[in-house]
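Structure first, then comments.
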Amino acid sequence: MFDDSGHMKEAKTKSTLKNALKVEVSSRHADVTASFLDGCAVMWVVSWPTGGGTVQDFLDNFRRHIQVHLQTSDVYLIFDRYNEGSIKESTRSDRDKGASRVYTLRPTARLPPQKVLLTVSSNKKQLIDLIVDDLVAHKDVLTASLVVTGNYPVPVQISRGVVTRREDMSITHEEADTMIIRQIAYVGASEVLVVADDTDVFVLLCHFVFEGDITGHVMMVSPVKGRSFIDINASVEKNRDVMGNLLAAHGVTGCDTVATYYGIGKGVALKVLRSNVHSLSNVGDINCSVEDAVQQSTRFLLSCYGHPECESMTEARQKIWSTKVSRSIGGAPKLQTLPPTNETFRENVARGHLQVAIWRQAIQPNPPLMDPLNYGWSKDEGSSSLYPTIAAENVAFAPEELLKVIKCSCDSAVPCKTKRCGCYLAGMACTSFCKCEGGHGCFNQKTRECLQAETEDENM
């Protein structure tokens, strides 16, 4: 569930779920009465000025993009928020590592490259404030009604040149995904268009249409031009057999704040969902404990791994280990290819329980009052930043006597290349317990064969 740097493995097959469930149509069936736009997704598709363009040039382009939508309906523009110390901050900081330069933005400043600006949270937060200010400043040229939800709890409405604070729509959720759901349910429009491209939004829309909290007809379309429309209501009807557990299953099998499991993609999860054997009703229920969620999630994930007969994740881990060892000619399998232990699984389900609880509360103005430190997250003393808990502090990663048996301590410039390495001598691949950590810096041939096989499996 974690890479060599300690970061959670991302769910890279989320779109598989949307593609398997969606019902596409070539165009809208009726006139839209309200459009809900994921502001951060729109920022990526608005024309980005280059060659000396300024921030104001981008603001002008963004405003023109919104005006196009205002020609057909009222518009609700919703941006992500960037709260310090939140569970989302942890995952966003991992993404920020590729580009980390922070700019001081003002309208007359030269516009930085798109990737630098939109992948660094502090830059994006500044740009959102500038977009909101620019829309307010041009209130007289905007047609129809525009409601903008930015970095602050109270949205701003711009209508016929008048700017109003919508105290009645005050909201403290952090993600645009959940705020979109809240505003659709609150507004109650009969024909809704959601402009977003995220699988989480699709799953949330399906869930709340299924539950009856959203009563209108909902269409979803990517902000990228030329994409087909997705009929959410038709998607729900076509897949009604999985809708009751879809939200929880999506959460516990991997999302932005929950680690995914090696070899368990969204397609596997959907297949198990369609068997209608498992209930995940406890996951995300604020009246249920983490242990209640773990119990249901264990049965579900054991079926995903193809071992429903097991009683625990650790038992399935041992069985799959034995099977792989008996079939392997290249040494022991990599530990990350196995199911997690009960202890690490518990922490990941706790994170899933919290995330799904936030999703289930999307129709409310505020997220549930659940302390992340009780749900699979930790933080260092004196810091507000959270990081995912791998296992509880009192849990040993392996018995001490076992660690002495299976690990090597090679520390030369070319570690594990000779028979001085205990693993090499035994004909075994090194593992994460060894000093070399069984990674690409290990020269044990068995380790390299395992890494090569692992790479081939991931590329299949």
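Numbering of residues begins at 1 and proceeds along the displayed sequence.
Taking 4.5 Å as the limit, every side-chain heavy atom of Met219 sits out of range of all side-chain heavy atoms of Ile232. Counting heavy atoms from C-beta on, the side chains of Leu77 and Val147 never come closer than 4.5 Å. Within the 4.5 Å cutoff, no side-chain heavy atoms of Asp31 are placed close to those of Thr72. The side-chain heavy atoms of Val32 and Val192, taken from C-beta on, include no pair separated by under 4.5 Å. The shortest side-chain heavy-atom distance between Lys22 and Phe202 falls under the 4.5 Å cut-off. Contact check for Leu117 versus Trp48: side-chain heavy atoms found under the 4.5 Å cut-off. Side-chain contact between Asn19 and Thr16: absent, with no pair of heavy atoms (C-beta onward) separated by less than 4.5 Å. Using a 4.5 Å heavy-atom threshold, the side chains of Val242 and Leu270 count as touching.
The two residues Val221 and Ser228 come nearest to each other via the heavy atoms CG2-O, 3.8 Å. Across His217 and Asp231, no two heavy atoms sit closer than the pair NE2-OD2, 3.1 Å. Closest of all the heavy-atom pairs between Thr253 and Thr260 is O-OG1, 3.3 Å. Taking each heavy atom of Pro388 and Arg351 in turn, the nearest pair found is CB-NH1, 3.7 Å. The two residues Phe62 and Gly39 make their nearest non-hydrogen contact at CE1-O, 4.3 Å. Between His173 and Ile358, the shortest heavy-atom contact is CE1-O, 4.0 Å.
Using modelled atom types, no side-chain atom of Gln355 and backbone atom of Val258 make a donor-acceptor pair closer than 3.5 Å. Remark: side-chain polar atoms of Ser122 are not paired, donor with acceptor, to backbone N or O of Val102 under 3.5 angstrom. The backbone N or O of Ala357 lies less than 3.5 Å from no partner atom in the side chain of Gln361, so there is not a single donor-acceptor pair. A donor-acceptor pair under 3.5 Å is formed between the side chain of Asp80 and the backbone N or O of Ala176. For the pair Arg360 (side chain) and Val283 (backbone), a donor-acceptor distance under 3.5 Å is present. In terms of modelled atom types and a separation under 3.5 Å, the side chain of Thr314 and the main chain of Asn342 share a donor-acceptor contact. Although no hydrogens or angles enter the test, the distance criterion places no donor-acceptor pair under 3.5 Å between the side chain of His307 and the main chain of Ala316. No side-chain donor-acceptor contact under 3.5 Å links Glu343 to the backbone of Ala392. A donor-acceptor pair under 3.5 Å links the side-chain atoms of Glu174 to the main chain of Asn83, judged by distance alone. In terms of modelled atom types and a separation under 3.5 Å, the side chain of Arg317 and the main chain of Pro339 share a donor-acceptor contact.
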Please lay out, stage by stage, how Asp241 and Arg274 fare under the test salt bridge (Lys or Arg N to Asp or Glu O under 4.0 Å).
CA-CA 7 Å; Asp241 59 323; Arg274 292 202 185 280; 3.3 Å; yes
Go through the steps to decide whether Met43 and Leu127 satisfy the test side-chain contact (heavy atoms from CB on, under 4.5 Å), and finish with yes or no.
CA-CA 10 Å; Met43 288 164 72; Leu127 188 57; 3.4 Å; yes
Evaluate the side chain to side chain donor-acceptor pair (under 3.5 Å) criterion for residues Ser73 and Ser35: first the C-alpha distance (whole Å), next the side-chain angles of each, then the deciding distance (0.1 Å), finally the verdict.
CA-CA 6 Å; Ser73 73; Ser35 297; 2.8 Å; yes
Given side-chain contact (heavy atoms from CB on, under 4.5 Å), test Leu338 with Tyr262 step by step and report yes or no.
CA-CA 7 Å; Leu338 303 173; Tyr262 186 93; over 6 Å; no
Between Glu84 and Ser384, does the side chain to side chain donor-acceptor pair (under 3.5 Å) criterion hold? Intermediate values first, please.
CA-CA 7 Å; Glu84 185 178 357; Ser384 63; 2.9 Å; yes
Derivation and outcome, side chain to side chain donor-acceptor pair (under 3.5 Å), residues Thr337 and Lys324
CA-CA 10 Å; Thr337 68; Lys324 289 193 173 200; 3.3 Å; yes
Should Asp200 and Lys18 be marked as a salt bridge (Lys or Arg N to Asp or Glu O under 4.0 Å) after you check the CA-CA gap, both sets of side-chain angles, and the distance that decides it?
CA-CA 9 Å; Asp200 293 350; Lys18 182 173 69 171; over 6 Å; no
One pair to check against side-chain contact (heavy atoms from CB on, under 4.5 Å): Leu118 and Asn123. What are the steps and the verdict?
CA-CA 7 Å; Leu118 298 187; Asn123 291 336; over 6 Å; no
Please assess Asp256 against Lys14 for the test salt bridge (Lys or Arg N to Asp or Glu O under 4.0 Å), listing each intermediate value before the final yes or no.
CA-CA 10 Å; Asp256 288 348; Lys14 288 201 300 183; 3.6 Å; yes
Show your reasoning for whether side-chain contact (heavy atoms from CB on, under 4.5 Å) applies to Arg81 and Tyr152.
CA-CA 8 Å; Arg81 290 170 178 158; Tyr152 303 99; 5.7 Å; no
Go through the steps for Thr389 and Ser378 under the test side chain to side chain donor-acceptor pair (under 3.5 Å), then give the verdict.
CA-CA 6 Å; Thr389 305; Ser378 303; 2.4 Å; yes
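Note that CD1 of Ile66 and CG of Leu37 are 5.0 Å apart. Values are rounded to the nearest 0.5 Å. One finds the CG atom of Leu17 at 5.5 Å from the CG atom of Leu246 (value rounded to the nearest 0.5 Å). Note that the CG atom of Leu130 and the CZ atom of Phe58 stand 10.0 Å from one another [nearest 0.5 Å]. Rounded to the nearest 0.5 angstrom, Ile214 CD1 and His207 NE2 are separated by 9.5 Å. The structure places NZ of Lys88 at 4.0 Å from CD of Glu175, a figure rounded to the nearest 0.5 Å.
Remark: Arg63 pairs with Asp60, Asp134 by the salt bridge (Lys or Arg N to Asp or Glu O under 4.0 Å) rule, at least two apart or across chains. For Ser303, the side chain to side chain donor-acceptor pair (under 3.5 Å) test picks out His278, with sequence neighbours left out. For Tyr76, the ring pair (Phe, Tyr, Trp, His ring centres under 6.0 Å) test picks out Phe36, with sequence neighbours left out. Among residues two or more places apart in sequence or in another chain, the salt bridge (Lys or Arg N to Asp or Glu O under 4.0 Å) test is passed with Glu309 by Lys319.
Looking only at atom types and distance, the side chain of Gln183 has a donor-acceptor partner in the side chain of Thr149 under 3.5 Å away.
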Only distances under 3.5 Å count here; give the side-chain donor-acceptor pairs of residues 366-377 to other protein atoms, sequence neighbours excluded, each with its distance to 0.1 Å.
| residue | atom | partner | partner atom | Å |
| --- | --- | --- | --- | --- |
| Asn366 | OD1 | Thr172 | OG1 | 2.7 |
| Asp371 | OD1 | Leu373 | N | 3.0 |

Show me the donor-acceptor pairs, under 3.5 Å and distance only, between side chains in residues 153-164 and residues at least two apart or in other chains.
| residue | atom | partner | partner atom | Å |
| --- | --- | --- | --- | --- |
| Gln157 | OE1 | Arg166 | NH1 | 2.4 |
| Gln157 | NE2 | Ser145 | OG | 3.4 |

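At most 12 heavy atoms of other shown residues, nucleotides or ligands fall within 6.0 angstrom of atom CD in Gln295. The number of heavy-atom neighbours closer than 6.0 Å to CZ of Arg106, taken from other residues, nucleotides and ligands shown, is 12 or below.
Relative ring orientation between His250 and Trp359 is described as parallel, the plane-to-plane angle staying below 30° on a 0-90° scale split at 30° and 60°.
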